Amino acid sequence: MTSLKYSVLPNLDGSCELSTSNSKVITGVSGPLEPKQRHRLPLQSAIEVVIKPSFGMGPTPREVLMQDKLATVLQAVIVTELYPRKLVQVNAQILESPFDEFGSLMGNSFNEILSSMIDLNSCFNSSFISLCDSAIALKSSFVSTLLGVTEDKLINIAEVNDLDLLRSFNFKSLHHIVLEVEENKPTNVLFLDSQGDFNDDDLVTVLDNAQNITQKEFQNIRNILKDKVSQDFIWKA
């Protein structure tokens with residue numbers, strides 16, 4: 001079950017707090033801003049992404065890799081040509097992670113990988129809501145999905161609310177998929193990160209399931225954004 005709250009940071013242009021059954025993250029968007037000279041691009045806006053861990057100072061090399069992945073997708077969906085010589089800044093603070101206490105000490109070799117995938121999955125979806133809240137122009141929508149494959153079933157990890165169960169799953173492979181959504185339908189794969197043992201048939205099955213999950217999640221997000229627009233323009237009633 002996913003819970004979304006938008007405009008939670010009033011001093012930023014856009015923000016979102018996203019909670020799933022096993023993680024929580026808050027993101028903020030500022031922009032377009034006047035950047036420093038080294039960030040200034042003549043024909044488009046620069047994009048800066050910062051992700052902070054749930055404990056410690058950070059960002060560590062783990063978060064730097066997550067930043068690069070998120071920035072790659074944002075570069076593809078933000079209409080950067082509308083904001084030449086400007087900066088769009090996205091900051092994400094991970095508030096809760098199911099692996100905060102145990103890390104990779106539970107005996108499952110996937111735990112460290114799964115931890116960063118869960119956090120990044122939440123950062124993707126929260127960033128999308130924050131961008132919509134900030135009114136930054138987007139070429140299309142996107143929804144992030146995280147699926148795990150065991151010996152006998154495929155699991156939507158964001159919906160697993162038993163953390164002990166999540167930590168004990170013997171995953172064969174993990175798949176993080178970000179799908180572009182146009183005209184209310186998933187169209188292109190913007191990002192795909194797969195870890196573990198899988199074949200072509202497994203990947204096709206994962207993508208089919210990700211498409212169905214994306215369709216469902218986007219309808220929920222669309223309803224939330226519809227409510228936001230109604231509240232923003234309530235003075236017109």
Side-chain angles (χ1 to χ4, degrees), residues 1-33 45 47-54 58-59 63 66-67 69-80 83 87-98 116-146 156-159 161 176-181 184 186 190-191 213-234:
M1 182 66 179
T2 300
S3 172
L4 291 172
K5 297 178 183 179
Y6 55 82
S7 301
V8 292
L9 301 174
N11 292 329
L12 298 182
D13 295 306
S15 59
C16 172
E17 181 181 287
L18 181 145
S19 301
T20 69
S21 296
N22 51 48
S23 71
K24 187 175 183 180
V25 66
I26 187 169
T27 56
V29 172
S30 299
L33 304 171
S45 61
I47 297 175
E48 182 180 56
V49 176
V50 178
I51 298 177
K52 296 290 186 68
S54 54
E63 284 77 44
M66 293 165 60
Q67 291 171 182
K69 293 176 179 179
L70 178 55
T72 299
V73 172
L74 297 184
Q75 188 73 43
V77 298
I78 294 176
V79 188
T80 56
Y83 316 109
L87 173 68
V88 176
Q89 192 175 62
V90 179
N91 290 277
Q93 173 67 61
I94 300 164
L95 301 175
E96 295 177 9
S97 172
S116 62
M117 282 185 160
I118 288 175
D119 291 341
L120 183 57
N121 179 61
S122 296
C123 288
F124 267 108
N125 289 325
S126 183
S127 295
F128 171 62
I129 301 296
S130 295
L131 286 167
C132 293
D133 189 35
S134 70
I136 294 289
L138 302 177
K139 299 173 184 175
S140 58
S141 304
F142 63 90
V143 175
S144 176
T145 307
L146 180 56
N156 182 359
I157 293 172
E159 294 183 349
N161 54 16
H176 183 190
I177 308 104
V178 179
L179 294 179
E180 185 177 24
V181 180
N184 296 325
L190 294 175
F191 177 80
I213 294 170
T214 295
Q215 185 91 39
K216 176 183 175 182
E217 288 297 322
F218 182 71
Q219 289 305 315
N220 295 333
I221 293 173
R222 192 171 185 271
N223 291 335
I224 291 171
L225 294 177
K226 182 179 179 181
D227 178 67
K228 167 184 162 46
V229 172
S230 298
Q231 292 298 319
D232 288 349
F233 291 93
I234 195 170

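Here the structure is a predicted model, which means the values were calculated and not measured.
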In the structure I gave you, are the side-chain heavy atoms of [X] and [Y] within less than 4.5 Å of one another anywhere?
{"X": "I118", "Y": "N22", "answer": "yes"}
{"X": "K69", "Y": "V178", "answer": "no"}
{"X": "L4", "Y": "C16", "answer": "yes"}
{"X": "L18", "Y": "I129", "answer": "no"}
{"X": "L74", "Y": "L131", "answer": "yes"}
{"X": "V29", "Y": "L12", "answer": "no"}
{"X": "Q67", "Y": "V50", "answer": "yes"}
{"X": "L120", "Y": "H176", "answer": "yes"}

[atom1]-[atom2] distance between [X] and [Y], expressed to the nearest 0.5 angstrom:
{"X": "K226", "Y": "K228", "atom1": "NZ", "atom2": "NZ", "result": "15.5 Å"}
{"X": "S127", "Y": "I51", "atom1": "OG", "atom2": "CD1", "result": "7.0 Å"}
{"X": "S54", "Y": "L95", "atom1": "OG", "atom2": "CG", "result": "8.5 Å"}
{"X": "C123", "Y": "I26", "atom1": "SG", "atom2": "CD1", "result": "11.5 Å"}
{"X": "E17", "Y": "S3", "atom1": "CD", "atom2": "OG", "result": "7.5 Å"}
{"X": "I221", "Y": "C132", "atom1": "CD1", "atom2": "SG", "result": "8.5 Å"}

Side chains of [X] and [Y]: donor-acceptor distance under 3.5 Å anywhere?
{"X": "S126", "Y": "T27", "result": "yes"}
{"X": "D133", "Y": "S7", "result": "yes"}
{"X": "S122", "Y": "S23", "result": "yes"}

- Please identify each residue that fulfils side-chain contact (heavy atoms from CB on, under 4.5 Å) with D227, with sequence neighbours left out. Y6, Q231
Could you pull out the closest heavy-atom pair between [X] and [Y], with the gap in Å?
{"X": "S19", "Y": "K24", "value": "OG-CG, 3.4 Å"}
{"X": "S116", "Y": "M66", "value": "O-CE, 4.0 Å"}
{"X": "E180", "Y": "S140", "value": "OE2-OG, 2.5 Å"}

- Message: Consider side-chain contact (heavy atoms from CB on, under 4.5 Å). Of N161, N156, I157, which one does E159 pass it with?
- Response: N156
- Checking F218, F128, F142 against V181 for side-chain contact (heavy atoms from CB on, under 4.5 Å), the one that qualifies is F218
- Message: Is it the case that the ring center of F191 lies less than 6.0 angstrom away from the ring center of F124?
- Response: yes
Is a side-chain donor or acceptor of [X] paired with a backbone partner of [Y] at a separation under 3.5 angstrom?
{"X": "Q89", "Y": "G28", "answer": "no"}
{"X": "Y83", "Y": "A137", "answer": "yes"}
{"X": "S144", "Y": "N125", "answer": "no"}

- Does atom NZ of K5 have more than 12 heavy-atom neighbours, drawn from other residues, nucleotides or ligands, at distances under 6.0 Å? no
- Task: Tell me, yes or no, whether the heavy-atom count around K52 atom NZ, taken from other residues, nucleotides or ligands under 6.0 Å, exceeds 12.
- Result: no
- Checking side chain to side chain contact (heavy atoms under 4.5 Å, CB included) for the pair I136/I78: CA distance, chi angles, key distance, verdict? CA-CA 7 Å; I136 294 289; I78 294 176; 3.8 Å; yes
